[in-house]
Number of protein chains: 2
Amino acid sequence: MARDITKRIKPLRLKGLPTELREHIKEARVQRGWGQRELGAQIGLPQPHISGIESGEIVPRFDTLLEIVRVLDLDLLLVPRSLVPAVQSLIRTQKQPESAERPLYAADDEESASGKKDHDEF
Amino acid sequence: MARDITKRIKPLRLKGLPTELREHIKEARVQRGWGQRELGAQIGLPQPHISGIESGEIVPRFDTLLEIVRVLDLDLLLVPRSLVPAVQSLIRTQKQPESAERPLYAADDEESASGKKDHDEF
DNA sequence: ATAAGTTATATATTAAAGCATATCACGTCT
DNA sequence: AGACGTGATATGCTTTAATATATAACTTAT
């Protein structure tokens, strides 16, 4: 069987996670000053696996992805498509652009005080 | 609680998808009058696979789950944990309980007019 | 330059998802 | 009764995530 032509007929599902999802995850990780090794260690994943997920080379199981985003203080929510824009804008307005100019009063106030219980969103 | 000592050794990732997620998916499917066969056919999944996912027996890949929820007019959004309650209440208020009491002033303003492009949320 | 830290690649093994197909159990309907 | 639709189970087979480990490539200090 030289090459096996029969394979490439049906389109595989995805080549990786959606690009923006991957970027958000990576961004959140870097923001925390964590390396891939550090992130993976918290949920028992080896660094190469994190690398593959972030680079889009592998598509993780849902539970794996959920663990990743949760240690990054994020979550995956099931949202009606009609509400997606509203939710996104809500997120956008809440997210401070901590990048360019840093605030005059950098209170370094950790808002993380609220979240503690392992709530099950779904 | 003489519960089952053998379980808490190694924390397996999950025994399945989060219960509520599965229920929401099933609810959305039934609401549309679709069977598992019908839902699966739309994304190229066999009925037994849908059954396994809904019953929590198997944890799908993220891309698989994403396809499922999208044909159900739902989506999976990455949300900061601090905003989860706000998003959930937003969803709750928007979701009309078309069964019980219907609002006196049902404005039924369908905002869906906007959504037509296959937006990539992530 | 070199040492240290981070990320990307590579190989190998195991477990499980993905896929196809068949069948059984349970209702419901005429 | 039988036919039908739905969902749960079962059996193979293929693909791939998950895991472990090692190492190369690349950055950034010192």
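So that the names make sense, note that chain A is the first sequence line, chain B the second, and so on, each numbered from 1. Everything quoted here is computed from the prediction, not taken from an experiment.
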Inset, instruction - Could you tell me which residues satisfy salt bridge (charged side-chain N to carboxylate O under 4.0 Å, His left out) with A:Arg37, sequence neighbours excluded, listed by chain and number? - result: none
Inset, instruction - Using whole Å, report how far CD1 of B:Ile53 lies from P of C:dC19. - result: 10 Å
Inset, instruction - Find the distance A:Leu65:CG to D:dA17:P and express it as a whole number of Å. - result: 13 Å
Taking N or O atoms only and anything under 3.5 Å, show me the protein contacts with nucleotides 24-30 of chain D, one pair per line.
none

Inset, instruction - Mind listing the closest non-hydrogen atom pair of A:Arg32 and A:Leu72 along with its distance? - result: NH2-O, 2.9 Å
Inset, instruction - To the nearest Å, give me how far apart CD1 (A:Ile58) and P (D:dA17) are. - result: 6 Å
Inset, instruction - Return the minimal non-hydrogen interatomic distance between B:Leu66 and B:Val69, and the atom names on each side. - result: O-CG2, 3.3 Å
Legend entry - Closest heavy-atom pair and its distance - A:Pro60, A:Ile53: CB-CD1, 3.8 Å
Inset, instruction - Under the side chain to side chain contact (heavy atoms under 4.5 Å, CB included) rule, collect the residues that match up with A:Glu38, sequence neighbours excluded. - result: A:Trp34
Inset, instruction - Starting at atom NE2 of A:His49, determine the distance to atom P of D:dA18, rounded to an integer number of angstrom. - result: 4 Å
Inset, instruction - Can you pull out how bent the helix from C:dA1-D:dT30 to C:dT30-D:dA1 is, comparing the axes over its first five and last five pairs, to 10°? - result: 40°
Inset, instruction - Round to a whole Å and report the spacing from CD1 of A:Ile68 to C1' of D:dA18. - result: 11 Å
Legend entry - Heavy-atom closest pair, residues B:Leu78 and A:Ile91: O-CD1, 3.5 Å
Legend entry - Any donor-acceptor pair under 3.5 Å from A:Ser55 side chain to A:Ser51 backbone: yes
Inset, instruction - Mark yes or no for whether A:Thr93, through its side chain, and A:Ser89, through its backbone, hold a donor-acceptor pair below 3.5 Å. - result: yes
Legend entry - Spacing between B:Leu45 atom CG and C:dC19 atom P, to the nearest angstrom: 6 Å
Legend entry - Donor-acceptor contact present, side-chain A:Arg29 to main-chain A:Leu39, <3.5 Å: no
Please write out the pairs of protein N or O atoms and N or O atoms of nucleotides 6-12 of chain C separated by less than 3.5 Å, giving the distance to one decimal.
residue, atom, partner, partner atom, Å
C:dT7, OP1, A:Arg29, NH1, 2.8
C:dT7, OP1, A:Arg29, NH2, 3.4
C:dT7, OP2, A:Gln36, N, 2.6
C:dA8, OP2, A:Gln36, NE2, 2.7
C:dA8, OP2, A:Ser51, OG, 2.9
C:dA8, N7, A:Gln47, NE2, 3.0
C:dA8, N6, A:Gln47, OE1, 3.1

Inset, instruction - Using atom types as modelled and distance alone, determine if a side-chain donor or acceptor of B:Arg22 lies under 3.5 Å from a backbone N or O of B:Leu17. - result: yes
Inset, instruction - State which residues pass side chain to side chain contact (heavy atoms under 4.5 Å, CB included) with B:Pro48; sequence neighbours excluded, sorted by chain then number. - result: B:Pro46
Inset, instruction - Rounded off to whole Å, could you give me the CG-to-C1' distance for the A:Asp63 and C:dA17 pair? - result: 11 Å
